[in-house]
Number of protein chains: 2
Amino acid sequence: MAPERPRRADARRNYDQIVAAAEAEIARHGADASLEEIARRAGVGSATLHRHFPSRQALLEAVFHDRVELLCARARELADGPDVGAAFGEWLQAVAVYGATTRGLARSLLGGGGGGGGSGVREPGRPTDSTCEAMLVDAGGELLRRAGDAGAVRPGVSIVDLLTLVNAVSLATEGSPDAAGEATRLVQLALEGVRPH
Amino acid sequence: MAPERPRRADARRNYDQIVAAAEAEIARHGADASLEEIARRAGVGSATLHRHFPSRQALLEAVFHDRVELLCARARELADGPDVGAAFGEWLQAVAVYGATTRGLARSLLGGGGGGGGSGVREPGRPTDSTCEAMLVDAGGELLRRAGDAGAVRPGVSIVDLLTLVNAVSLATEGSPDAAGEATRLVQLALEGVRPH
DNA sequence: TGCAAAATGGGGTGGCACCCCGTTTCACGT
DNA sequence: ACGTGAAACGGGGTGCCACCCCATTTTGCA
(Lines give C-alpha, C1' and ligand atoms only; values in the text may rest on other atoms or scores of the structure.)
Protein backbone atom coordinates (compact mmCIF):
# COMPACT_ATOMS: atom_id res chain seq x y z
CA MET A 1 0.00 0.00 0.00
CA ALA A 2 2.66 2.46 0.98
CA PRO A 3 4.03 3.76 -2.33
CA GLU A 4 7.72 3.43 -3.01
CA ARG A 5 9.66 6.56 -3.78
CA PRO A 6 9.86 6.88 -7.57
CA ARG A 7 13.19 6.48 -9.35
CA ARG A 8 13.22 9.06 -12.10
CA ALA A 9 13.95 12.67 -11.18
CA ASP A 10 10.78 14.16 -12.67
CA ALA A 11 8.69 11.52 -11.00
CA ARG A 12 10.25 12.21 -7.62
CA ARG A 13 9.67 15.91 -8.06
CA ASN A 14 6.00 15.40 -8.88
CA TYR A 15 5.63 12.96 -6.00
CA ASP A 16 6.94 15.51 -3.53
CA GLN A 17 4.81 18.31 -4.95
CA ILE A 18 1.72 16.12 -4.66
CA VAL A 19 2.44 15.27 -1.04
CA ALA A 20 3.03 18.94 -0.22
CA ALA A 21 -0.18 20.02 -1.92
CA ALA A 22 -2.07 17.19 -0.26
CA GLU A 23 -0.83 18.23 3.15
CA ALA A 24 -2.14 21.75 2.61
CA GLU A 25 -5.46 20.68 1.13
CA ILE A 26 -6.11 18.07 3.81
CA ALA A 27 -5.36 20.63 6.49
CA ARG A 28 -7.91 22.89 4.88
CA HIS A 29 -10.66 20.44 3.96
CA GLY A 30 -10.06 17.28 5.94
CA ALA A 31 -9.39 13.74 4.79
CA ASP A 32 -12.00 14.00 2.05
CA ALA A 33 -10.21 16.77 0.20
CA SER A 34 -10.62 16.67 -3.55
CA LEU A 35 -7.86 14.70 -5.24
CA GLU A 36 -8.35 16.71 -8.40
CA GLU A 37 -7.80 19.93 -6.49
CA ILE A 38 -4.65 18.49 -4.94
CA ALA A 39 -3.33 17.56 -8.38
CA ARG A 40 -4.23 21.01 -9.68
CA ARG A 41 -2.37 22.76 -6.87
CA ALA A 42 0.59 20.43 -7.28
CA GLY A 43 0.73 21.39 -10.95
CA VAL A 44 0.31 17.84 -12.23
CA GLY A 45 -2.41 15.99 -14.12
CA SER A 46 -4.87 13.97 -12.09
CA ALA A 47 -3.62 10.80 -13.75
CA THR A 48 -0.19 11.42 -12.28
CA LEU A 49 -1.62 11.64 -8.80
CA HIS A 50 -3.53 8.40 -9.28
CA ARG A 51 -0.46 6.66 -10.64
CA HIS A 52 1.66 7.57 -7.65
CA PHE A 53 -1.09 6.96 -5.10
CA PRO A 54 -3.50 4.23 -6.18
CA SER A 55 -5.82 4.95 -3.27
CA ARG A 56 -6.67 7.89 -1.07
CA GLN A 57 -5.30 5.90 1.84
CA ALA A 58 -1.90 5.62 0.17
CA LEU A 59 -1.74 9.39 -0.18
CA LEU A 60 -2.75 9.92 3.44
CA GLU A 61 -0.04 7.52 4.56
CA ALA A 62 2.58 9.44 2.63
CA VAL A 63 1.37 12.79 3.98
CA PHE A 64 1.44 11.74 7.62
CA HIS A 65 4.42 9.41 7.58
CA ASP A 66 6.95 11.95 8.87
CA ARG A 67 4.72 13.27 11.62
CA VAL A 68 3.91 9.79 12.82
CA GLU A 69 7.60 9.08 12.94
CA LEU A 70 8.00 12.01 15.32
CA LEU A 71 5.39 10.50 17.60
CA CYS A 72 7.27 7.22 17.53
CA ALA A 73 10.52 8.97 18.38
CA ARG A 74 8.79 10.58 21.34
CA ALA A 75 7.67 7.15 22.49
CA ARG A 76 11.26 5.95 22.45
CA GLU A 77 12.39 8.97 24.43
CA LEU A 78 9.71 8.43 27.05
CA ALA A 79 10.56 4.75 27.36
CA ASP A 80 13.88 5.69 28.93
CA GLY A 81 12.46 8.16 31.43
CA PRO A 82 12.00 7.56 35.17
CA ASP A 83 8.23 6.97 35.43
CA VAL A 84 7.30 4.69 32.56
CA GLY A 85 3.71 4.30 33.70
CA ALA A 86 3.01 8.01 33.62
CA ALA A 87 5.01 8.33 30.42
CA PHE A 88 2.79 5.79 28.70
CA GLY A 89 -0.37 7.70 29.62
CA GLU A 90 1.25 10.90 28.51
CA TRP A 91 2.17 9.41 25.16
CA LEU A 92 -1.34 8.15 24.53
CA GLN A 93 -2.61 11.63 25.31
CA ALA A 94 -0.14 13.06 22.83
CA VAL A 95 -1.26 10.64 20.15
CA ALA A 96 -4.90 11.53 20.80
CA VAL A 97 -4.33 15.26 20.74
CA TYR A 98 -2.20 15.04 17.66
CA GLY A 99 -4.83 12.97 15.87
CA ALA A 100 -7.64 15.24 16.97
CA THR A 101 -5.94 18.42 15.80
CA THR A 102 -4.42 17.16 12.57
CA ARG A 103 -7.23 16.81 10.10
CA GLY A 104 -7.32 13.48 8.36
CA LEU A 105 -4.75 11.71 10.52
CA ALA A 106 -7.18 9.68 12.59
CA ARG A 107 -8.96 8.49 9.49
CA SER A 108 -5.73 7.56 7.92
CA LEU A 109 -4.72 5.50 10.93
CA LEU A 110 -8.04 3.72 11.20
CA GLY A 111 -7.86 2.73 7.56
CA GLY A 112 -10.55 5.05 6.32
CA GLY A 113 -13.19 4.00 8.76
CA GLY A 114 -15.14 7.07 8.42
CA GLY A 115 -16.45 8.28 5.43
CA GLY A 116 -17.56 9.69 4.37
CA GLY A 117 -17.36 9.66 4.68
CA GLY A 118 -18.44 10.32 2.93
CA SER A 119 -16.70 9.42 -0.02
CA GLY A 120 -13.80 8.58 2.15
CA VAL A 121 -15.19 5.18 2.93
CA ARG A 122 -14.50 1.92 1.25
CA GLU A 123 -16.71 -1.10 1.53
CA PRO A 124 -14.71 -4.30 1.23
CA GLY A 125 -12.52 -5.14 4.16
CA ARG A 126 -9.45 -4.49 2.16
CA PRO A 127 -6.18 -5.21 3.91
CA THR A 128 -5.33 -1.65 4.88
CA ASP A 129 -1.84 -2.68 5.97
CA SER A 130 -1.23 0.80 7.23
CA THR A 131 2.43 1.50 7.64
CA CYS A 132 1.72 4.43 9.95
CA GLU A 133 -0.32 2.27 12.25
CA ALA A 134 2.35 -0.40 12.27
CA MET A 135 4.92 2.19 13.28
CA LEU A 136 2.80 3.33 16.19
CA VAL A 137 2.13 -0.24 17.24
CA ASP A 138 5.86 -0.95 17.30
CA ALA A 139 6.91 2.13 19.22
CA GLY A 140 3.90 2.15 21.54
CA GLY A 141 4.10 -1.59 22.09
CA GLU A 142 7.58 -1.30 23.53
CA LEU A 143 6.45 1.52 25.82
CA LEU A 144 3.45 -0.53 26.92
CA ARG A 145 5.67 -3.53 27.64
CA ARG A 146 7.90 -1.48 29.91
CA ALA A 147 4.92 0.13 31.63
CA GLY A 148 3.48 -3.33 32.18
CA ASP A 149 6.76 -4.57 33.66
CA ALA A 150 6.67 -1.61 36.02
CA GLY A 151 3.22 -2.71 37.16
CA ALA A 152 1.54 0.42 35.86
CA VAL A 153 -0.74 -1.31 33.38
CA ARG A 154 -3.32 -4.00 33.93
CA PRO A 155 -2.24 -7.27 32.29
CA GLY A 156 -4.04 -8.30 29.14
CA VAL A 157 -4.22 -4.80 27.72
CA SER A 158 -3.07 -4.78 24.10
CA ILE A 159 -1.41 -1.91 22.32
CA VAL A 160 -3.57 -2.44 19.26
CA ASP A 161 -6.73 -2.05 21.32
CA LEU A 162 -5.38 1.02 23.05
CA LEU A 163 -4.36 2.68 19.83
CA THR A 164 -7.70 1.85 18.27
CA LEU A 165 -9.41 3.44 21.23
CA VAL A 166 -7.22 6.51 21.13
CA ASN A 167 -7.65 6.92 17.40
CA ALA A 168 -11.38 6.49 17.78
CA VAL A 169 -11.33 9.39 20.22
CA SER A 170 -9.32 11.47 17.78
CA LEU A 171 -11.78 10.67 15.04
CA ALA A 172 -14.77 11.54 17.18
CA THR A 173 -13.39 14.83 18.43
CA GLU A 174 -11.75 15.98 15.21
CA GLY A 175 -13.45 19.14 14.08
CA SER A 176 -14.77 20.10 17.48
CA PRO A 177 -13.98 23.68 18.53
CA ASP A 178 -11.81 22.39 21.39
CA ALA A 179 -10.62 19.17 19.83
CA ALA A 180 -7.46 18.92 21.91
CA GLY A 181 -9.26 19.45 25.21
CA GLU A 182 -12.01 17.02 24.39
CA ALA A 183 -9.61 14.36 23.21
CA THR A 184 -7.55 14.76 26.36
CA ARG A 185 -10.60 14.45 28.57
CA LEU A 186 -11.90 11.35 26.81
CA VAL A 187 -8.56 9.56 26.85
CA GLN A 188 -8.17 10.43 30.52
CA LEU A 189 -11.59 8.89 31.13
CA ALA A 190 -10.60 5.73 29.33
CA LEU A 191 -7.28 5.50 31.14
CA GLU A 192 -8.83 5.85 34.58
CA GLY A 193 -11.97 3.87 33.93
CA VAL A 194 -15.52 4.56 35.00
CA ARG A 195 -15.68 2.84 38.35
CA PRO A 196 -14.27 4.46 41.46
CA HIS A 197 -10.86 3.19 42.50
CA MET B 1 -32.98 19.02 11.64
CA ALA B 2 -35.29 16.11 12.33
CA PRO B 3 -37.90 16.34 9.54
CA GLU B 4 -41.56 16.56 10.50
CA ARG B 5 -43.88 13.91 9.23
CA PRO B 6 -45.53 15.25 6.05
CA ARG B 7 -49.26 16.05 6.01
CA ARG B 8 -50.47 14.92 2.64
CA ALA B 9 -51.09 11.24 2.03
CA ASP B 10 -48.83 10.88 -1.00
CA ALA B 11 -46.07 12.76 0.74
CA ARG B 12 -46.32 10.50 3.76
CA ARG B 13 -46.22 7.41 1.55
CA ASN B 14 -43.11 8.65 -0.25
CA TYR B 15 -41.49 9.62 3.02
CA ASP B 16 -41.95 6.11 4.37
CA GLN B 17 -40.74 4.48 1.18
CA ILE B 18 -37.62 6.65 1.23
CA VAL B 19 -36.85 5.73 4.83
CA ALA B 20 -37.36 2.04 4.07
CA ALA B 21 -35.14 2.18 1.00
CA ALA B 22 -32.53 4.16 2.91
CA GLU B 23 -32.48 1.58 5.68
CA ALA B 24 -31.76 -1.16 3.16
CA GLU B 25 -29.18 0.80 1.20
CA ILE B 26 -27.37 2.01 4.31
CA ALA B 27 -27.24 -1.54 5.62
CA ARG B 28 -25.68 -2.57 2.32
CA HIS B 29 -23.30 0.31 1.66
CA GLY B 30 -22.86 2.18 4.92
CA ALA B 31 -23.62 5.77 5.84
CA ASP B 32 -22.27 7.02 2.52
CA ALA B 33 -24.84 5.19 0.44
CA SER B 34 -25.88 7.02 -2.71
CA LEU B 35 -28.91 9.23 -2.14
CA GLU B 36 -29.81 8.90 -5.81
CA GLU B 37 -29.84 5.12 -5.50
CA ILE B 38 -32.04 5.36 -2.44
CA ALA B 39 -34.50 7.58 -4.30
CA ARG B 40 -34.44 5.18 -7.25
CA ARG B 41 -35.20 2.16 -5.05
CA ALA B 42 -37.90 4.10 -3.23
CA GLY B 43 -39.50 4.86 -6.60
CA VAL B 44 -39.32 8.61 -6.21
CA GLY B 45 -37.39 11.39 -7.91
CA SER B 46 -34.20 12.55 -6.29
CA ALA B 47 -35.74 15.98 -5.75
CA THR B 48 -38.41 14.43 -3.55
CA LEU B 49 -35.78 12.84 -1.35
CA HIS B 50 -33.94 16.14 -1.00
CA ARG B 51 -37.18 17.96 -0.20
CA HIS B 52 -38.05 15.59 2.63
CA PHE B 53 -34.50 15.32 3.95
CA PRO B 54 -32.48 18.48 3.41
CA SER B 55 -29.29 16.80 4.59
CA ARG B 56 -27.88 13.31 4.75
CA GLN B 57 -27.88 13.63 8.50
CA ALA B 58 -31.63 14.25 8.54
CA LEU B 59 -32.21 11.03 6.63
CA LEU B 60 -29.94 9.05 8.93
CA GLU B 61 -31.82 10.41 11.93
CA ALA B 62 -35.12 9.28 10.48
CA VAL B 63 -33.77 5.84 9.62
CA PHE B 64 -32.36 5.14 13.07
CA HIS B 65 -34.93 6.92 15.21
CA ASP B 66 -36.99 3.84 16.06
CA ARG B 67 -33.99 1.67 16.84
CA VAL B 68 -32.50 4.31 19.09
CA GLU B 69 -35.80 4.54 20.89
CA LEU B 70 -35.50 0.83 21.64
CA LEU B 71 -32.09 1.39 23.20
CA CYS B 72 -33.56 4.17 25.31
CA ALA B 73 -36.39 1.91 26.45
CA ARG B 74 -33.83 -0.67 27.46
CA ALA B 75 -32.04 1.98 29.53
CA ARG B 76 -35.25 2.71 31.38
CA GLU B 77 -35.82 -0.98 32.06
CA LEU B 78 -32.29 -1.41 33.40
CA ALA B 79 -32.63 1.64 35.63
CA ASP B 80 -35.18 -0.23 37.73
CA GLY B 81 -33.15 -3.42 38.09
CA PRO B 82 -31.27 -4.52 41.20
CA ASP B 83 -27.64 -3.74 40.26
CA VAL B 84 -27.68 -0.32 38.62
CA GLY B 85 -23.89 -0.13 38.37
CA ALA B 86 -23.61 -3.34 36.37
CA ALA B 87 -26.68 -2.37 34.38
CA PHE B 88 -25.05 0.86 33.30
CA GLY B 89 -22.00 -0.94 32.00
CA GLU B 90 -24.20 -3.45 30.27
CA TRP B 91 -26.17 -0.71 28.60
CA LEU B 92 -23.06 1.06 27.31
CA GLN B 93 -21.92 -2.27 25.90
CA ALA B 94 -25.26 -2.67 24.19
CA VAL B 95 -25.02 0.79 22.66
CA ALA B 96 -21.50 0.07 21.43
CA VAL B 97 -22.40 -3.28 19.92
CA TYR B 98 -25.49 -1.91 18.32
CA GLY B 99 -23.57 0.97 16.83
CA ALA B 100 -20.77 -1.25 15.62
CA THR B 101 -23.07 -3.73 13.90
CA THR B 102 -25.58 -1.30 12.43
CA ARG B 103 -23.87 0.42 9.57
CA GLY B 104 -24.16 4.17 9.59
CA LEU B 105 -25.56 4.51 13.11
CA ALA B 106 -22.36 5.61 14.80
CA ARG B 107 -21.79 8.24 12.13
CA SER B 108 -25.28 9.45 12.49
CA LEU B 109 -24.88 9.83 16.24
CA LEU B 110 -21.55 11.62 16.00
CA GLY B 111 -23.05 14.10 13.59
CA GLY B 112 -21.20 12.93 10.52
CA GLY B 113 -17.77 13.20 12.11
CA GLY B 114 -16.41 10.61 9.89
CA GLY B 115 -16.64 10.79 6.71
CA GLY B 116 -16.39 9.90 5.39
CA GLY B 117 -16.31 10.48 4.87
CA GLY B 118 -16.35 10.92 1.84
CA SER B 119 -18.96 13.06 0.95
CA GLY B 120 -20.50 12.07 4.21
CA VAL B 121 -18.52 14.71 5.92
CA ARG B 122 -19.28 18.37 6.25
CA GLU B 123 -16.77 21.04 6.99
CA PRO B 124 -18.46 23.86 8.86
CA GLY B 125 -19.37 23.08 12.42
CA ARG B 126 -23.01 23.08 11.60
CA PRO B 127 -25.32 22.63 14.57
CA THR B 128 -26.00 18.95 14.19
CA ASP B 129 -28.64 19.02 16.89
CA SER B 130 -29.07 15.31 16.61
CA THR B 131 -32.35 14.16 18.04
CA CYS B 132 -31.09 10.60 18.33
CA GLU B 133 -28.13 11.68 20.39
CA ALA B 134 -30.35 13.80 22.62
CA MET B 135 -32.56 10.77 23.23
CA LEU B 136 -29.60 8.67 24.28
CA VAL B 137 -28.26 11.43 26.48
CA ASP B 138 -31.60 11.68 28.26
CA ALA B 139 -32.11 7.98 28.83
CA GLY B 140 -28.46 7.23 29.55
CA GLY B 141 -28.10 10.28 31.75
CA GLU B 142 -30.78 9.03 34.10
CA LEU B 143 -29.14 5.62 34.24
CA LEU B 144 -25.77 7.23 34.94
CA ARG B 145 -27.26 9.36 37.70
CA ARG B 146 -28.63 6.30 39.47
CA ALA B 147 -25.40 4.38 39.02
CA GLY B 148 -23.55 7.36 40.46
CA ASP B 149 -25.89 7.47 43.45
CA ALA B 150 -25.19 3.79 44.00
CA GLY B 151 -21.47 4.60 44.12
CA ALA B 152 -20.71 2.56 41.03
CA VAL B 153 -19.39 5.43 38.95
CA ARG B 154 -16.57 7.83 39.63
CA PRO B 155 -17.88 11.35 40.17
CA GLY B 156 -17.34 13.88 37.41
CA VAL B 157 -18.00 11.42 34.61
CA SER B 158 -20.43 12.91 32.11
CA ILE B 159 -22.90 11.01 29.99
CA VAL B 160 -22.02 13.05 26.95
CA ASP B 161 -18.36 12.07 27.25
CA LEU B 162 -19.24 8.44 27.78
CA LEU B 163 -21.56 8.32 24.80
CA THR B 164 -19.00 10.08 22.65
CA LEU B 165 -16.44 7.51 23.71
CA VAL B 166 -18.78 4.61 23.05
CA ASN B 167 -19.84 5.96 19.68
CA ALA B 168 -16.22 6.53 18.79
CA VAL B 169 -15.61 2.85 19.49
CA SER B 170 -18.58 1.91 17.33
CA LEU B 171 -17.27 4.07 14.53
CA ALA B 172 -13.79 2.63 14.76
CA THR B 173 -14.89 -1.00 14.81
CA GLU B 174 -17.71 -0.73 12.30
CA GLY B 175 -16.86 -2.86 9.34
CA SER B 176 -14.46 -5.13 11.16
CA PRO B 177 -15.13 -8.86 10.72
CA ASP B 178 -15.94 -9.22 14.41
CA ALA B 179 -17.30 -5.75 15.06
CA ALA B 180 -19.41 -6.77 18.04
CA GLY B 181 -16.56 -8.55 19.78
CA GLU B 182 -14.10 -5.77 19.19
CA ALA B 183 -16.52 -3.08 20.33
CA THR B 184 -17.26 -5.06 23.48
CA ARG B 185 -13.59 -5.48 24.26
CA LEU B 186 -12.76 -1.81 23.75
CA VAL B 187 -15.67 -0.56 25.84
CA GLN B 188 -14.71 -3.00 28.56
CA LEU B 189 -11.20 -1.61 28.46
CA ALA B 190 -12.49 1.95 28.80
CA LEU B 191 -14.82 1.01 31.63
CA GLU B 192 -12.13 -0.69 33.68
CA GLY B 193 -9.30 1.67 32.83
CA VAL B 194 -5.72 0.90 32.03
CA ARG B 195 -4.13 0.92 35.46
CA PRO B 196 -4.41 -2.04 37.78
CA HIS B 197 -7.03 -1.71 40.51
C1' DT C 1 23.88 11.68 -29.08
C1' DG C 2 20.24 8.12 -29.84
C1' DC C 3 16.82 5.22 -28.11
C1' DA C 4 13.91 2.28 -25.16
C1' DA C 5 11.55 2.64 -21.10
C1' DA C 6 9.38 5.52 -17.81
C1' DA C 7 6.42 9.09 -16.87
C1' DT C 8 3.09 12.49 -18.17
C1' DG C 9 -1.56 14.81 -18.69
C1' DG C 10 -5.52 16.13 -21.62
C1' DG C 11 -9.63 14.45 -22.16
C1' DG C 12 -13.33 10.86 -21.74
C1' DT C 13 -16.72 8.14 -18.80
C1' DG C 14 -19.83 7.35 -15.36
C1' DG C 15 -21.61 8.71 -10.99
C1' DC C 16 -23.12 11.89 -7.61
C1' DA C 17 -25.44 15.92 -4.85
C1' DC C 18 -28.34 19.40 -5.33
C1' DC C 19 -31.64 22.49 -7.64
C1' DC C 20 -35.17 24.62 -11.08
C1' DC C 21 -39.64 24.73 -12.64
C1' DG C 22 -43.46 22.89 -15.53
C1' DT C 23 -46.74 19.23 -14.32
C1' DT C 24 -49.54 16.24 -11.43
C1' DT C 25 -52.01 15.05 -7.30
C1' DC C 26 -54.35 15.92 -3.24
C1' DA C 27 -57.58 17.97 0.34
C1' DC C 28 -61.14 20.83 1.30
C1' DG C 29 -65.17 23.74 0.72
C1' DT C 30 -69.29 24.03 -1.65
C1' DA D 1 -69.56 15.17 -6.61
C1' DC D 2 -66.67 18.48 -8.30
C1' DG D 3 -63.77 22.58 -8.92
C1' DT D 4 -59.83 24.92 -7.27
C1' DG D 5 -55.68 26.50 -4.92
C1' DA D 6 -51.96 24.77 -2.77
C1' DA D 7 -48.87 21.05 -1.94
C1' DA D 8 -46.04 17.71 -3.76
C1' DC D 9 -43.73 15.65 -7.54
C1' DG D 10 -39.86 14.40 -10.77
C1' DG D 11 -37.39 14.87 -15.23
C1' DG D 12 -33.64 16.94 -16.45
C1' DG D 13 -29.72 20.41 -15.89
C1' DT D 14 -25.30 21.95 -13.58
C1' DG D 15 -21.07 21.41 -11.65
C1' DC D 16 -17.90 18.47 -9.28
C1' DC D 17 -15.51 14.27 -8.68
C1' DA D 18 -12.76 9.63 -9.05
C1' DC D 19 -10.65 6.99 -12.14
C1' DC D 20 -8.81 5.44 -16.66
C1' DC D 21 -6.98 5.46 -21.69
C1' DC D 22 -3.37 6.36 -24.73
C1' DA D 23 -0.84 9.62 -27.71
C1' DT D 24 3.05 12.46 -26.43
C1' DT D 25 7.05 14.03 -23.83
C1' DT D 26 10.95 13.36 -20.73
C1' DT D 27 14.63 10.83 -18.73
C1' DG D 28 18.72 7.98 -18.02
C1' DC D 29 21.95 5.11 -19.94
C1' DA D 30 25.01 3.15 -23.41
Side-chain angles (χ1 to χ4, degrees), chain A residues 1 3-19 21-22 25-26 28-60 104 107 112 114-124 126, chain B residues 1 3-19 21-22 25-26 28-60 62 104 107 112 115-124 126:
Chain A
M1 206 71 159
E4 306 163 24
R5 203 81 184 307
R7 319 134 198 65
R8 254 171 62 168
D10 54 345
R12 228 177 308 123
R13 183 163 35 84
N14 285 334
Y15 179 99
D16 292 340
Q17 283 169 345
I18 290 169
V19 171
E25 274 305 288
I26 289 171
R28 213 196 307 276
H29 297 103
D32 291 326
S34 156
L35 299 181
E36 296 237 319
E37 180 66 20
I38 290 171
R40 220 171 290 133
R41 302 225 179 203
V44 304
S46 66
T48 298
L49 187 148
H50 285 282
R51 196 177 318 108
H52 282 299
F53 305 98
S55 68
R56 179 180 296 271
Q57 178 66 21
L59 178 55
L60 290 173
R107 262 203 190 146
S119 67
V121 182
R122 282 299 160 263
E123 291 316 324
R126 46 169 79 170
Chain B
M1 209 70 158
E4 307 163 23
R5 203 82 183 304
R7 319 134 196 68
R8 255 170 64 167
D10 54 345
R12 229 176 305 123
R13 183 163 37 83
N14 284 334
Y15 179 99
D16 291 340
Q17 283 170 344
I18 290 170
V19 171
E25 273 306 288
I26 289 170
R28 213 196 307 276
H29 297 103
D32 291 326
S34 155
L35 299 180
E36 296 238 319
E37 180 66 20
I38 290 171
R40 221 171 287 132
R41 301 227 180 202
V44 304
S46 68
T48 298
L49 186 148
H50 285 282
R51 198 176 315 110
H52 281 299
F53 305 98
S55 69
R56 180 181 295 271
Q57 178 66 20
L59 178 56
L60 291 172
R107 258 200 194 150
S119 65
V121 182
R122 283 300 161 262
E123 291 316 322
R126 47 168 81 171

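Chain A is the first sequence line, chain B the second, and so forth, proteins listed ahead of strands; every chain is numbered from 1.
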Report yes or no: does B/Arg12 contribute a side-chain atom to a donor-acceptor pair with the main-chain N or O of B/Arg7 at less than 3.5 Å?
-> yes
Is the backbone N or O of B/Ala33 less than 3.5 Å from a side-chain atom of B/Arg56, with the two atoms forming a donor-acceptor pair by type?
-> yes
Using whole Å, what does the distance between atom [atom2] of nucleotide [N] and atom [atom1] of [X] come to?
{"X": "A/Leu35", "N": "D/dC19", "atom1": "CG", "atom2": "P", "result": "7 Å"}
{"X": "B/Asp16", "N": "D/dC9", "atom1": "CG", "atom2": "P", "result": "12 Å"}
{"X": "A/His29", "N": "D/dC16", "atom1": "NE2", "atom2": "P", "result": "13 Å"}
{"X": "B/Arg5", "N": "D/dA7", "atom1": "CZ", "atom2": "P", "result": "19 Å"}
{"X": "B/Leu49", "N": "C/dC19", "atom1": "CG", "atom2": "C1'", "result": "13 Å"}
{"X": "A/Ile38", "N": "C/dG9", "atom1": "CD1", "atom2": "P", "result": "16 Å"}
{"X": "A/Asp32", "N": "D/dC16", "atom1": "CG", "atom2": "C1'", "result": "14 Å"}
{"X": "A/Phe53", "N": "C/dG9", "atom1": "CZ", "atom2": "P", "result": "14 Å"}

Is any N or O donor-acceptor pair between the side chain of A/Glu37 and the base of D/dC16 shorter than 3.5 Å?
-> no
With a cut-off of less than 4.0 Å, is there a side-chain N or O of [X] near OP1 or OP2 of [N]?
{"X": "B/Arg40", "N": "C/dC16", "result": "yes"}
{"X": "B/Arg51", "N": "D/dA8", "result": "no"}
{"X": "A/Asn14", "N": "C/dT8", "result": "yes"}
{"X": "A/His50", "N": "C/dT8", "result": "no"}
{"X": "B/Ser46", "N": "D/dG10", "result": "no"}
{"X": "B/Thr48", "N": "D/dG10", "result": "yes"}
{"X": "B/Ser34", "N": "C/dA17", "result": "yes"}

How long is the gap from [atom1] on [X] to [atom2] on [Y], to the nearest 0.5 Å?
{"X": "B/Glu37", "Y": "B/Arg28", "atom1": "CD", "atom2": "CZ", "value": "8.0 Å"}
{"X": "B/Ile18", "Y": "B/Ser46", "atom1": "CD1", "atom2": "OG", "value": "10.0 Å"}
{"X": "A/Leu35", "Y": "A/Glu25", "atom1": "CG", "atom2": "CD", "value": "10.5 Å"}

May I ask you to test the A/Val19-A/Phe53 pair for a side-chain heavy-atom distance under 4.5 Å?
-> yes
Hey, does B/Arg51 have a side-chain heavy atom less than 4.5 Å from the side chain of B/Asn14?
-> no
Of the candidates D/dC19, C/dC16, D/dC9, the side chain of A/Glu36 sits closest to D/dC19
Taking every heavy atom of B/Leu49 against every heavy atom of B/Ile38, the minimum-distance pair comes out as CD1-CG2, 3.7 Å
Heavy atoms under 4.0 Å, any strand shown: does A/Ala47 hit a base, just sugar-phosphate, or nothing?
-> base
Just the table, please: protein N/O against nucleotides 22-27 of chain C N/O, every pair under 3.5 Å.
from, atom 1, to, atom 2, distance (Å)
C/dT25, O2, B/Arg8, NH2, 3.0
C/dC26, O4', B/Arg8, NH2, 3.4
C/dA27, OP1, B/Ala9, N, 2.8

